[in-house]
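So you know, we letter chains A, B, ... as the sequences are listed, proteins then strands, and number each from 1.
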Number of protein chains: 2
Amino acid sequence: MTGDQGTSIREDVVVLLARASGSALRTANAALEPFGFRARHYATVKIAAEGGGVPQRQIGAVLGLDPSAVVALVDDLESLGLVQRQPDPDDRRTRLVSPTPAGLTMLEKVSPVVGRVQERSMGGLTAAERDTFVRLLRRVVNE
Amino acid sequence: MTGDQGTSIREDVVVLLARASGSALRTANAALEPFGFRARHYATVKIAAEGGGVPQRQIGAVLGLDPSAVVALVDDLESLGLVQRQPDPDDRRTRLVSPTPAGLTMLEKVSPVVGRVQERSMGGLTAAERDTFVRLLRRVVNE
DNA sequence: TATTGTTATACTCTATAACTATA
DNA sequence: TATAGTTATAGAGTATAACAATA
C-alpha cells in the first residue's frame with residue numbers, strides 16, 4: 001500500500017478536541033464575563049468548595065494547569081474575595097485554598113449559568129449520548 | 001432544594017475538554033517538534049492535500065481558527081516550502097492553498113507519527129470506544 | 001534530595017479593529 | 001454592502017527556570 005496517509009483530517013481527534021475545547025471555553029467565558037471572571041476561576045472555586053480546602057497542586061492537577069498558573073488564578077480569586085489561602089497544619093509548604101462565604105454564594109448564583117453552557121457545549125447530543133460522551137472523555141483524561 | 005450546585009467539577013465538560021485538548025496538543029506538538037512545525041501546520045497541509053487547493057477561509061473553518069491566524073500559519077508553511085498560495089480563477093479575492101511536492105512527501109513521512117499520537121490521545125479506550133468517541137466529538141463540533 | 005509555592009520571563013495562542021481588493 | 005485576505009496589536013494562555021521554605 002503506497003501513499004496511505006491515514007484517516008481524513010475530519011476524524012483527527014487532536015483537531016476535533018481543539019475545536020470543541022476552544023468553542024466550549026469561548027461560550028463559558030462569554031457567559032461568565034458579566035460576573036467578572038472566567039471559566040477557570042469558577043472551576044477553581046468549585047474545586048475548593050468540593051474539597052473543603054485543597055492544595056494548589058491539586059487544583060493544577062484537576063484543571064491541567066502549571067503550578068505557576070495556579071498562583072495567578074488564586075491571586076485573582078483572593079482579590080475578588082471568593083477564596084482564601086490557609087496554612088496546612090500537616091505540611092507547612094502547602095497552602096490550602098478554600099471558598100469564602102462570598103465564594104459559596106457566587107457558586108449558587110452562577111451554577112445555573114454554567115449548567116446551560118454545558119448543555120450548549122454538547123448541543124447536538126441526546127441525554128444518553130451526553131452521558132456516554134462525558135464518561136469516555138473522563139477516561140481519555142485518566143480521571 | 002437548596003444549595004444545588006449542579007454536578008461535580010469532575011463531570012464538567014468544559015474542564016474535561018480543555019484538559020483533553022491541552023494534553024493531546026502537547027503530545028502532538030512534542031512529536032512533531034523534530035520536523036520543525038506544530039500540529040496545526042501538519043493539519044493545514046493535510047487539509048490542503050485533501051481539498052486539492054482550498055481557500056484560507058476554509059482552513060480556518062476546519063481548524064476553528066481566526067482568518068488572521070491562518071495567514072500566519074500559511075506564511076510559515078510557505079517559507080518551509082510545504083504549501084503554496086495560488087490565485088482562484090473564479091474569485092480573485094480568494095487564494096487557494098495547495099501542497100507542494102515537498103508537502104506531500106512530508107505528509108507521508110509524518111503520517112505514522114500523527115497516527116500514534118492519536119492512538120495515545122485516546123489511550124484508555126478500546127477500538128470501538130474510540131469510534132464512538134470520535135463520532136460524538138464530531139457532532140459536538142457540528143462536523 | 002524532593003516537593004510546594006512563588007517570581008520572572010518568554011513564547012504561543014486568540015481576538016479585534018482597520019485596511020485592500022474584490023464581489 | 002459583503003467577503004477574502006492582510007497587518008498590527010493587545011490580551012490570554014502556556015511553559016520554563018530559578019528560588020525559598022519545608023519535608
query = Are A:Arg10 and B:Glu50 close enough for a salt bridge, meaning some N to O gap below 4.0 Å?
reply = no
message = Minimum heavy-atom separation for A:Gly103 and A:Val45, please, with both atom names.
response = O-CG1, 3.9 Å
Nearest whole angstrom, please: distance from the [atom2] of [N] to the [atom1] of [X].
X: A:Leu32; N: D:dA12; atom1: CG; atom2: P; value: 15 Å
X: B:Glu33; N: D:dT14; atom1: CD; atom2: P; value: 19 Å
X: B:Gln86; N: D:dA4; atom1: CD; atom2: C1'; value: 17 Å
X: B:Asn29; N: D:dG13; atom1: CG; atom2: P; value: 18 Å
X: B:Leu73; N: D:dA4; atom1: CG; atom2: C1'; value: 16 Å
X: A:Asp76; N: C:dT6; atom1: CG; atom2: P; value: 13 Å
X: B:Asp75; N: C:dT12; atom1: CG; atom2: C1'; value: 16 Å
X: A:Ile59; N: C:dG5; atom1: CD1; atom2: C1'; value: 12 Å

query = Are B:Glu119 and B:Arg130 close enough, and set up right, to give a salt bridge (Lys or Arg N to Asp or Glu O under 4.0 Å), and what steps lead you there?
reply = CA-CA 9 Å; B:Glu119 301 287 307; B:Arg130 289 175 198 196; 2.6 Å; yes
Classify the side chain of [X] versus the base of [N] as yes if they form a donor-acceptor pair under 3.5 Å and no if they do not.
X: A:Arg40; N: D:dG13; answer: no
X: A:Arg92; N: D:dT22; answer: no
X: B:Ser68; N: C:dT16; answer: yes
X: A:Arg93; N: C:dT3; answer: yes

query = Which residue lies toward the 5' end of DNA chain C, A:Leu96 or A:Arg26, if each is placed at its nearest nucleotide?
reply = A:Leu96
note = Walking DNA chain C from its 5' end, the first of A:Gln58 and B:Arg38 to be reached, judged by nearest nucleotide, is A:Gln58
ask   = Any side-chain N or O of A:Gln56 less than 4.0 Å from the OP1 or OP2 oxygen of C:dT6?
value = yes
query = So which one's nearest nucleotide on DNA chain D is more toward 5', B:Arg85 or A:Asp66?
reply = B:Arg85
inquiry  = Quick check against the 3.5 Å criterion: does A:Thr105 have a side-chain atom that pairs as donor or acceptor with the backbone of A:Pro101?
reply    = yes
ask   = Ring centres of B:Tyr42 and B:Phe35 under 6.0 Å apart?
value = no
message = Applying a 4.0 Å non-hydrogen cut-off, can you work out what B:Asp88 is touching in the nucleic acid: base, sugar-phosphate, or nothing?
response = nothing
query = Under 4.0 angstrom, heavy atoms only, what part of the nucleic acid is A:Arg95 near: base, sugar-phosphate, or nothing?
reply = sugar-phosphate
